[in-house]
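Keep in mind it's a predicted model, so treat the numbers as computed, not measured.
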Amino acid sequence: MGTWRLPGRRSGPGPRPSSATSPAESAGRPAEARAETAEPKARTVEPLTETTGSGAAAATGPRGVHLTFGADPATTVVISWLAPPPNPDAADVPSVRYSPAPPQTVAAQTVAAQTVAAQCRSYRDARVDTVVHVCHGTLAGLRPDTTYTYTIVGSGEPSSDPVTGVAAAEAAAAGPGSGWFRTAPAGRAPFSFAFLADQGTNRPGDPFGSPAAGHTVAAIERQAPMFAVVGGDLSYANIRDDPVRSWADWFEMISASATSRPWMPCLGNHEIERGNGALGVAAYQTYFQLPDHGDESYLAGLWYAITVGSLRLVVLAADDVCLQDGSPVRLHGISAGRQTAWLARTLAQARADPAIDWIVVVMHQAMMSTSASHHGADLGIRAAWRPLFDQFDVDLVLHGHEHHYERSHPVRGHVPDSPMLTPLPVPAAVLTRSGDKAGGGPAGRGGPVGGDGPVGGGGRNDGGEGWDGEVVDATAGTVHLLVGTGGSSSPTAGNLLDPPAGRVIIDLRDPDPGRRRRRSIHAVEPADWLAFRAREHPYAFALIDLDPGEPGGTTSLRISILDSSSPDPSPVPIDRVTLVRPRADG
């Protein structure tokens, strides 16, 4: 299957496939014309100021517009925004007007724009006593792999005006309620997505974010993935004096990307806010409308799954099984085992489906970590979910929580008689070492990268044109990728156990006098599972390219870790690894 590069994309070894195309590319223009056409850019949103009140709830018009996929990403997209308080005297209702972007109209004929009424919800923040209103317009019945333009409007009446849509660049510039997006492909196709976690904001007054939080958004947008996944701790709302403001600041910051490509969230411990609903997740459930998992409504959105092309993405709420007491409201056991039962069913269905090649799991907390002083890995996750990852051959687990970057070897099972259920690496799963393809010599030779680089040696890793990292047989074990480097003001890349060792939460102490939370008890284990960590790169994100391959052949996930510490438009990859497996339809 042919692949191609989007305009303005960073050069590198080989083209990156993606379905996040612009209308200009879909027009089928000559290559030289496409090269001169920039991808439509998301709107630039003016920063919130002190005069706007607590976040976007006090602003007028749609603010913090953000997209998510619906249950079927090929046909459903949800457009969400922070709305002003409803006016009971107004006849209009919040709506989204949308149409395919030209020239993707049928046979170049005009296509009537459609309008869908939004569903609006609200919550009252317990800390600042502010009511926040959020509207969600669900656009269903869309065409797969198609670019659409949209505008948030005040009328819910359907329009029969014949339109051909507007150019995406014009839609993006039309105002804070306009933009464009592209639906996912139906069936096997190349695409890319980004992953990050532990972000915060780039606002000067945010003590828990940093300028790198904004650099990461800009870097992701330059790569133009189909969508992004945020692995928890989005705005650090539950430790901010004004949580409403922190949420609004975060949505304003990511809007440079999230108005034109879905940003799929995962619940982290800093999204759990005391007083906001019985579980502390009322804000999270109000800001996002996520695919249904079929359980009771009070658990809505805490875990979900979507299928994009031949990839099944499974997003979990790890607080449900974690031992650690890291949130104002402890959610341990909140689903009474139902999330784990749902996970088993979801993984079994995905692995039995001949249309699905890849299973990727996202959760906030970690199953492995070499951090010397942060949270540490959690024995609760190892006990509850690692056996399911093994049983159903999960390919990749993405998470944050620890504020550094590291990658595991493929792991399967645990070390015999280990009280910490220490994951067992599968050395034979590594088909090509870091230096082999790049001409850097056999594994075990070559200098370290980022303070550590490939653990135990590792060959060339300089990000050069010929360097492509390791190649791993995904059928032999699960790779864990810790990318808690999205912008938090407390990076831990410089404070890792040396020599490398794992630090694991194995139990809890009784709370100290006058405190609610129970402190973690840690144990240290050998880190034979560790493949790579980067001690000199505090901020980065993962870019994951899926190549579907050919029928009867193999398919691959190519993972690149890109530094986002600065606004450098051409970051050098910190780490690369490619997972390969036979296609399920072979």
| field | Non-neighbouring partners of Thr475 that pass side chain to side chain donor-acceptor pair (under 3.5 Å), sequence neighbours left out | value | Asp473
| message | Among residues at least two apart in sequence or on other chains, which ones pass side chain to side chain donor-acceptor pair (under 3.5 Å) with Ser565? | response | Asp563
Is the backbone of [Y] close enough, under 3.5 Å, to the side chain of [X] for a donor and an acceptor to pair up by distance?
X	Y	result
Asp206	Thr201	yes
Arg127	Pro243	no
Asp390	Gly413	yes
His399	Val397	no
Glu221	Ala218	no
Glu402	His375	yes
Ser371	His374	yes
Ser489	Pro207	yes
His332	Cys322	yes
Gln285	Gly301	no

| query | Which of these passes salt bridge (charged side-chain N to carboxylate O under 4.0 Å, His left out) with Arg581: Asp357, Asp393, Asp547? | reply | Asp393
Once you round to the nearest 0.5 Å, how far does [atom1] of [X] lie from [atom2] of [Y]?
X	Y	atom1	atom2	value
Ile220	Ser564	CD1	OG	7.5 Å
Asp198	Leu482	CG	CG	8.5 Å
Ile254	Asn202	CD1	CG	11.5 Å
Leu398	Phe195	CG	CZ	5.0 Å
Ile544	Leu546	CD1	CG	10.0 Å
Leu497	Arg503	CG	CZ	7.0 Å

| task | Applying side chain to side chain donor-acceptor pair (under 3.5 Å) between Trp358 and each of Thr555, Asp395, Thr307, report the one that passes. | result | Thr555
| request: Identify which one of Asp242, Asp249, Asp241 satisfies the side chain to side chain donor-acceptor pair (under 3.5 Å) criterion when paired with Arg245. | output: Asp249
Do [X] and [Y] come within less than 4.5 Å of each other through their side chains, counting heavy atoms only?
X	Y	result
Leu331	Ile272	yes
Leu421	Leu379	yes
Arg407	Val577	yes
Met420	Ile506	yes
Met264	Val315	no

Pairing residues for [X] by the side-chain contact (heavy atoms from CB on, under 4.5 Å) criterion, not counting sequence neighbours:
X	result
Asn495	Ala372, Ser373
Leu388	Thr340, Leu343, Ala344, Leu347, Trp385, Gln391, Phe392
His293	Asp295, Leu299, Trp303, Trp342
Ala493	His404

Locate the shortest heavy-atom distance separating [X] from [Y]; write the atom from each residue and the value.
X	Y	value
Phe541	Ala219	CE2-CB, 3.5 Å
Ala540	Ile561	CB-CG2, 3.9 Å
Arg274	Val329	CA-CG2, 4.1 Å
Pro225	Ala194	CB-N, 4.0 Å
Ile359	Ala350	CD1-CB, 3.8 Å
Asn238	Pro328	ND2-CD, 3.3 Å

Under the rule for ring pair (Phe, Tyr, Trp, His ring centres under 6.0 Å), what residues qualify as partners of [X], not counting sequence neighbours?
X	value
Phe193	Phe227
His364	His401
Tyr304	none
Tyr236	His270

| query | According to the side-chain hydrogen bond (donor to acceptor under 3.5 Å, both in side chains) rule, which pairs have a member within residues 414-427, sequence neighbours left out? | reply | Arg386-His414, Ser418-Thr422, Thr422-Glu525
May I ask you to decide whether [X] forms a salt bridge with [Y], counting only side-chain N to carboxylate O separations under 4.0 Å?
X	Y	result
Asp568	Arg222	no
Arg240	Glu273	no
Asp325	Arg509	no

| Check: Arg558/Thr578 side-chain N/O donor and acceptor closer than 3.5 Å | no
| field | Modelled atom types, side-chain donor and acceptor of Thr370 and Glu406, under 3.5 Å | value | yes
| remark: Test side chain to side chain contact (heavy atoms under 4.5 Å, CB included), reference Arg382, set Leu323, Val321, Val504, output is Val504
| message | Centroid separation under 6.0 Å, is that true for the rings of Tyr539 and Tyr405? | response | no
| said: Pair Trp263, Ser257 - check side chain to side chain donor-acceptor pair (under 3.5 Å), show working. | reply: CA-CA 8 Å; Trp263 277 52; Ser257 179; 3.0 Å; yes
| message | For residues 302-322, which residue pairs pass the salt bridge (charged side-chain N to carboxylate O under 4.0 Å, His left out) check, not counting sequence neighbours? | response | none
| task | In sequence, state the C-alpha distance, the side-chain angles, and the governing distance for Asp507 and Arg519, and then conclude on salt bridge (charged side-chain N to carboxylate O under 4.0 Å, His left out). | result | CA-CA 9 Å; Asp507 205 348; Arg519 298 179 62 187; over 6 Å; no
| query | Hey, what's the ring geometry for Phe288 with Tyr284, parallel, tilted or perpendicular (30° and 60° as the breaks)? | reply | tilted
